[in-house]
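First listed ligand is number 1; within each ligand, the first listed atom is number 1. Treat the numbers as computed from the prediction; the structure is a model and nothing was measured.
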Amino acid sequence: MSYENIIAEVKEQVSYITINRPKQLNALNKQTIQELSSAFKEADENDDVRAIIVTGSGEKAFVAGADIKEFADFDITQGKELAAAGQEKLFNLVENLSTPTIAAVNGFALGGGLELAMSCHIRVASDNAKLGLPEVSLGVIPGYGGTQRLAQLVGKGKAMEMVMTAGMITAEEALQWGLVNHVTFTSELLSKAEEIAKAIKRNSPVAIGKAIEAINAGYIDGVNGYNVEIEQFGLAFGTEDFKEGTTAFMEKRKAQFPGR
Ligand code: DAK
């Protein structure tokens with residue numbers, strides 16, 4: 001599929017999705033959210049793709065937030081509808097993909113940009129990255145899952161402070177707070193994300209999908225994560241990947257997982 005605001009390509013079983021509006025610091029307008037949604041779905045449905053890396057074009061920003069010019073004149077109903085649609089279409093979609101997603105945060109990750117990074121399963125940041133949820137400085141609150149996912153990642157107290165002050169934290173602080181998994185020099189950001197993707201590629205994609213589902217289940221209200229784990233654990237025994245993984249171990253060779 002061809003896109004206007006993003007670049008999507010697959011190399012060596014990794015899907016690279018690059019948000020490409022550098023003049024607007026890759027701000028997320030409606031069309032970009034739609035394109036990202038399609039690209040993530042397309043990558044997840046491609047059996048050849050074992051990991052997805054999402055990043056921003058240029059050296060300055062991952063994503064500097066939702067496009068302020070677009071939502072400036074919204075009313076209450078539009079705000080609510082668009083938050084619900086956006087969460088469903090992109091942010092919840094990404095969090096629940098069975099293909100691992102890695103955000104390579106190359107600069108500003110603000111508002112909707114940080115919310116996108118937080119929807120991903122893993123985050124790597126360049127040392128010049130600045131992260132924040134500045135929504136209250138505009139008179140709104142984070143609307144793409146930020147109030148929930150930030151508290152899950154850094155704890156309630158730090159989330160409260162970040163949201164209320166609308167301040168930005170550095171990559172190093174984000175690392176200390178557990179908001180990102182790794183910090184690298186800017187020039188090494190993509191290779192660090194690729195190194196993680198490479199390690200993931202060695203393992204069973206079916207088992208990874210089940211593990212993602214079980215981990216996420218613990219954060220869904222009313223769902224018992226342990227029960228989901230038991231269910232998914234049991235189902236794993238019926239997969240070709242399980243047969244291949246155990247056979248390869250006994251034959252002292254590397255497993256070649258069929259992904260079924
Ligand atoms: N939206 C639109 N344009 C943006 C933008 C954004 N979020 N961020 C930057 N730009 C544009 C600037 O307007 C500027 O465009 P020109 O003036 O050159 O045409 C260009 O990108 C370069 O930006 P600056 O000149 O400002 O660059 P600086 O290096 O001086 O500053 C900055 C970088 C990141 C500190 C600054 O650009 C900045 O403060 N940007 C805004 C950050 C921000 O507040 N982001 C929005 C967070 S709130 C919703 C759901 C969710 C949300 C909203 C609605 N609904 C469901 C309705 C979420 C909201 C947010 O994300």
- Message: For the backbone of Ala214 and the side chain of Gln232, can you confirm whether one donor and one acceptor N or O come within less than 3.5 Å of each other?
- Response: no

- Task: For Phe74, take its heavy atoms, then give the atoms of ligand 1 lying under 4.0 Å from any of them.
- Result: 57 (C)

- Hey, is atom 44 (O) of ligand 1 under 4.0 Å from any protein heavy atom? yes

- Heavy-atom protein contact below 4.0 Å for atom 39 (O) of ligand 1: no

- Query: For atom 47 (C) of ligand 1, what is the nearest protein heavy atom, given as residue, atom name and distance?
  - Reply: Pro134 CG, 3.7 Å

- Under-4.0 Å protein heavy-atom contact, atom 16 (P) of ligand 1: no

- Task: Take the angle between the ring planes of Phe71 and Phe74 and call it parallel below 30°, perpendicular above 60°, tilted in between.
- Result: tilted

- atom 1 (N) of ligand 1: which protein heavy atom is closest, and how many Å away? Ile68 N, 3.0 Å

- Say you draw a straight line from CD1 of Ile7 to CD of Glu35; how long is it, rounded to the nearest 0.5 Å? 11.0 Å

- Is there at least one protein heavy-atom neighbour under 4.0 Å from atom 30 (O) of ligand 1? no

- Item | Presence of salt bridge, Glu195 and Lys192, under 4.0 angstrom | yes

- Message: Is there a side-chain contact between Glu213 and Ser98 in this structure, where contact means two heavy atoms from C-beta onward sitting under 4.5 Å apart?
- Response: no

- Message: Nearest 0.5 angstrom please: Asp127 CG to Thr184 OG1, how far?
- Response: 6.5 Å

- Item | Enumerated ligand 1 atoms positioned under 4.0 Å from heavy atoms of Leu138 | 44 (O), 46 (C), 48 (S)

- Message: Out of all atoms in ligand 1, which are within 4.0 Å of some heavy atom of Ala64? Include the element for each.
- Response: 6 (C), 7 (N), 8 (N), 42 (C), 43 (C), 45 (N), 46 (C)

- Of all the atoms in ligand 1, which lie at a distance below 4.0 Å from a heavy atom belonging to Lys60? 27 (O), 28 (P), 29 (O)

- Message: Counting non-hydrogen protein atoms only, what is the nearest one to atom 53 (C) of ligand 1? Give residue, atom name and distance.
- Response: Phe71 CE2, 3.5 Å

- Ligand-side contact atoms (ligand 1) for residue partner Leu110, heavy atom cut-off under 4.0 Å: 34 (C), 42 (C)

- Measure from atom 37 (O) of ligand 1 to every heavy atom in Leu25, Ile141, Val63 and give the option owning the shortest one. Leu25

- Message: Given Gly86, Pro22, Ala61, Ala27, identify the one with the heavy atom nearest to atom 6 (C) of ligand 1.
- Response: Ala27

- For atom 2 (C) of ligand 1, the closest protein heavy atom turns out to be Asp67 OD1, 3.3 Å

- Candidate list Arg123, Glu95, His121, test side chain to side chain donor-acceptor pair (under 3.5 Å), partner Thr101, passing option: His121

- Note on the structure: Nearest non-hydrogen contact to atom 61 (O) of ligand 1 from the set Ala72, Gly79, Ala66, Ala166 belongs to Ala66

- By number and element, which atoms of ligand 1 are closer than 4.0 Å to a non-hydrogen atom of Lys23? 20 (C), 21 (O)

- Query: Are there protein heavy-atom neighbours of atom 21 (O) of ligand 1 below 4.0 Å?
  - Reply: yes

- Which class fits the ring pair Phe242 and Phe237: parallel under 30°, tilted 30 to 60°, perpendicular over 60°? tilted

- Query: Nearest to atom 10 (N) of ligand 1, what protein heavy atom do you find, and at what distance?
  - Reply: Gln24 O, 3.8 Å

- Item | Numbered atoms of ligand 1 (with element) below 4.0 Å of Gly112, judged on heavy atoms | 60 (C), 61 (O)

- If we number the atoms of ligand 1 from 1 as shown, the ones under 4.0 Å from a heavy atom of Glu135 are 48 (S), 58 (C), 59 (C), 60 (C), 61 (O)

- Query: What residue and heavy atom of the protein are closest to atom 3 (N) of ligand 1, and at what distance?
  - Reply: Lys69 NZ, 3.8 Å

- Using the side chain to side chain contact (heavy atoms under 4.5 Å, CB included) rule, take Ile196 and Asn181 through it: C-alpha gap first, then chi angles, then the decisive distance, then the call. CA-CA 11 Å; Ile196 297 168; Asn181 302 39; 5.8 Å; no

- Item | Between SG on residue Cys120 and CD1 on residue Ile102, distance to nearest 0.5 Å | 9.0 Å

- Task: Keeping the roles fixed (side chain from Glu244, backbone from Ala255), state whether a donor-acceptor pair exists under 3.5 Å.
- Result: no

- Message: Checking contacts now, so for atom 26 (O) of ligand 1, which I'm interested in, is there any protein heavy atom under 4.0 Å?
- Response: no

- Query: Nearest to atom 56 (C) of ligand 1, what protein heavy atom do you find, and at what distance?
  - Reply: Ala83 N, 2.9 Å

